[in-house]
Amino acid sequence: MKFFIDTADLDEIMEANDLGVLDGVTTNPSLCAKIGVSDFEGHIAKICGIVEGDVSAEVISTEYDEIIEEGRNIASIADNVVVKVPLIKDGIKAIKTFSEEGIKTNCTLCFSASQALIAAKAGATYISPFIGRLDDISSEGMDLIADIRLVYDNYGFDTEILAASIRHPMHLLESARLGADVATMPLKVIDQLLKHPLTDIGLEKFLADWDELQKSLK
Ligand code: E4P
């Protein structure tokens, strides 16, 4: 399973990258707005320079011609950039065109398996089902991951399932159980994956016992 970080914050990306298990980055307009990105292309270029893996950068256009122009421009930023396109009619058309041009895409804002099926048929590199936002409206986000996995496996689609809108470690674990190819998470969730109180208690005891041993040897 690939781990992506879901942020536009360079410090967070560097911190996650230093862990050595980071495979990519996802950004969106809200994440860029959160940290006040003023030079979008320059900022994406910096992220692409930090991380070797795929970096998703989202178009803000919603009309086919404009999505194509904006997406080609984003694709020219770096070799590891992925054009993130919303799951709307013109977005699907644009994904088909990008796929024919060899431009990688991340189809975003997916909330149903039927949407995911269309995105795969258009040739999306990644499909981003938003788990947390479904949970927020009392719908089972994990069912969507399972449905997409089933549909994609039925027909052998190559589109990678990128579990998005992950809010806590159980979202990540369930996505892994269900066979999502990628999970994108905030830094906070990556940190939480490491945590277990018994690890902390166990380490404290190991170190204390070692100290006692050293004292007894003097
Ligand atoms: C990533 O590609 C998505 O844009 C992101 O995971 C959405 O997360 P949110 O629902 O927490 O905003």
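Indexing begins at 1, ligand by ligand and atom by atom, following the structure's order.
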For Phe3, enumerate each residue passing the ring-ring contact (aromatic ring centres under 6.0 Å, His included) test, keeping only those at least two apart in sequence or located in another chain. none

Using ring-ring contact (aromatic ring centres under 6.0 Å, His included) as the criterion, list what pairs up with Phe40, not counting sequence neighbours.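 Once residues adjacent in sequence are excluded, Phe40 has no partner under the ring-ring contact (aromatic ring centres under 6.0 Å, His included) criterion.
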
Between ligand 1 and the protein, tabulate every N or O atom pair separated by less than 3.5 Å, reporting distance only.
from: ligand 1; atom 1: 2 (O); to: Lys84; atom 2: NZ; distance (Å): 2.6
from: ligand 1; atom 1: 4 (O); to: Asn28; atom 2: ND2; distance (Å): 2.7
from: ligand 1; atom 1: 4 (O); to: Lys84; atom 2: NZ; distance (Å): 3.2
from: ligand 1; atom 1: 6 (O); to: Asp6; atom 2: OD2; distance (Å): 2.6
from: ligand 1; atom 1: 6 (O); to: Ser165; atom 2: N; distance (Å): 2.8
from: ligand 1; atom 1: 10 (O); to: Arg133; atom 2: NE; distance (Å): 2.7
from: ligand 1; atom 1: 10 (O); to: Ser165; atom 2: OG; distance (Å): 2.7
from: ligand 1; atom 1: 10 (O); to: Arg167; atom 2: NH2; distance (Å): 3.0
from: ligand 1; atom 1: 11 (O); to: Arg167; atom 2: NE; distance (Å): 3.4
from: ligand 1; atom 1: 12 (O); to: Arg133; atom 2: NH2; distance (Å): 2.8

When Ile, Leu, Val, Met, Phe, Trp and Tyr are grouped by side-chain heavy atoms lying under 4.5 Å apart, directly or through other members, which residues fall in the same group as Trp210? Leu213, Leu217

For Glu69, I'd like to know if atom CD has over 12 heavy atoms of other residues, nucleotides or ligands within 6.0 Å.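 It does not: Glu69 CD has 12 such atoms or fewer within range.
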
Tyr126 and Thr108: side chain donor to acceptor below 3.5 Å: no

If you measure from the Lys or Arg side-chain nitrogens to the Asp or Glu carboxylate oxygens, is any gap between Lys104 and Asp79 under 4.0 Å?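 Salt bridge absent between Lys104 and Asp79.
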
